[in-house]
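Have a look at the structure below, then the notes.
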Amino acid sequence: MQAVLSGAAALAAYPETGLPLIALGLWLAFCGGIARGGIALVAGLGAGILLAPFAPGAVSVLSLVAGTLVAAGTALIGPRLPGRAGPPIAALTTTMALASLLHGQGFDSLPVAFVAGVMGAALLAVILPSTLAGVVLRGGGAAWRALAVRIAASWLTAILVLVIAFGLRSA
Amino acid sequence: MRSAPKTLLLSLIFTLGAAAAQAHTGLPEGGFASGFTHPILGWDHVIAMVAVGLWGAFLGAPAIWALPVVFPMVMAVGGALGILGVPLPAVETGIALSGVVLGLLVAFAVRAPLWVAGMIVGVFAVFHGHAHGTELPQAANPLAYGIGFVIATGLLHLVGIGFGFLTASPAGRIAVRGIGVLIAAMGGAYLAGIA
C-alpha cells in the first residue's frame, strides 16, 4: 500500500505530469467525456510506461508543451471541438505525461505497486476534472457554463506557460 | 440609482482601496501568496485588468467572453518572456498607456471589432505580463506562484466584467463610463510620472 501511495504522490509532485492530464480532462469534457476517450487513455498510460526507459530528459518539456496546447485548444475552441479529437489527444498526452514522470526508469527498477499508484493517480487526474467540467457543461443551456470551463482552461494554459518558463530559466 | 448598482460601485471602491500600493512590495515571495498578491497590489495593473472586463461588457458578446479567455494566455506569454530575461522596450510606459487607452475606450463606450479589441488587449497584456515576469522572485515555487498569479489576474477581469453588467441600466452605463474616465486619469498620472 505504501508503494501505491508513493506512486500517486510522485505524480502529484511533478507539474509536468499532473497539469497536462488536468488539461486533457477539460479537453475530453468537450469531446464526449471519458467514455469516448477511455480506451485511448489507458493505452496512452501503457505506452508511456513502456517508452519511459528510452525517453530523454526533454520529454518533460514536451509534456508541458503538449499540455499547454491541449489547454489552449480547449480555451479557444471549446464547444466546437469534434468528438473524434478526444482519443488521439488522450493517447498522446497520457503517453508523454507518463514517459515524463518515469523517464530513465528501467522496467525492473520500479515496484509494480508503485506503477499502479502512478496509473491510478493519472486516471484520477483526468477523470476528476473531466467529470466536474461535464457536470458544469450539462447543467443547462446557459452560455456561461461553457465559458466557465473555457476560462478554467485559459487559466490552466497560462499556468503551464509560466511553469515552462520557470523550467527553462532554471535549466 | 438602484441598490444593486450602488452595492457594486461600493464594492469596486473598496476592492480598489485594498490595493493601497504599487506591486512588488517586499511581501514574502515564492509561493501562492506571492503570486496572488503580485497583480493585485499595484494600481497600474489593477485598473488595466478591471478596464478589460468593463470594456468587454460594453463590446458585448462574443468579446465579453473572448477577452477574459485570451488575456491570461497572452499575459502569460509576456510573463514567460520576462522570466527568461527577453528584453521588451518601454514596459512601464506600455503599462501606463494601457490604463489611458483602455480607460478612454470604456469612457467613450467604443465598440471596436473583436479582432481590433483582441489586438489592443493582447499588446497590453504582453507588457503587463513581462513586468510581472521580470520581477519574479528567483526562488519562486513555479506551480504555486503561477496558480496565484493567474487566479488573481482572472479574478480582476471578472470584477471588471461584473461591474460591466451595470451597463444594462442607463444610470449604470453612466457610472461605468465614469469609472473609465477615472481609469484613464490614473493611467495618465502614471504616464506623466505623477503617481
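Computed from a prediction, not measured in an experiment: that's the story for all the values here. Below, chains carry the letters A, B, ... as their sequence lines are ordered, and counting in each starts from 1.
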Any chain of hydrophobic side-chain contacts (each under 4.5 Å) joining [X] to [Y]?
| X | Y | answer |
| --- | --- | --- |
| L123(A) | L92(A) | no |
| L137(A) | L132(A) | no |
| W55(B) | V116(B) | yes |
| V86(B) | V126(B) | yes |
| L69(A) | L62(A) | no |

Please examine the side chains of [Y] and [X], heavy atoms only from C-beta on, and report whether any two atoms are closer than 4.5 Å.
| X | Y | value |
| --- | --- | --- |
| L156(A) | V150(B) | no |
| Y145(B) | L162(A) | no |
| H157(B) | I151(A) | no |

### Query
Between A76(B), G85(B), G133(B), which has the largest tally of heavy atom pairs under 4.5 Å with chain A?
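Highest number of heavy-atom pairs under 4.5 Å: A76(B).
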### Contacting region of A72(A) [heavy-atom separation from chain B under 4.5 Å]
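Answer is both: backbone and side chain atoms of A72(A) are under 4.5 Å from chain B.
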#### Entry: Proximity breakdown for L19(A) and chain B, heavy-atom pairs closer than 4.5 Å
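The side chain, not the backbone.
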At a heavy-atom separation under 4.5 Å, does [X] approach chain A through its side chain, its backbone, both, or neither?
| X | value |
| --- | --- |
| F71(B) | neither |
| I151(B) | both |
| L84(B) | side chain |

### Task
Output the option from L160(A), T157(A), I164(A) having the highest count of non-hydrogen pairs under 4.5 Å with chain B.
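Top count of heavy-atom pairs under 4.5 Å with chain B: T157(A).
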### Message
Around atom CD1 of I39(A), are there more than 12 heavy atoms from other residues, nucleotides or ligands closer than 6.0 Å?
### Response
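Open.
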### Task
Looking only at non-hydrogen atoms, find the nearest pair between V69(B) and S154(A) and report the distance.
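Shortest heavy-atom contact: O-OG, 2.6 Å.
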### Task
Mind listing the closest non-hydrogen atom pair of W155(A) and G154(B) along with its distance?
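Scanning both residues, the minimum pair turns out to be CZ2-CA, 3.3 Å.
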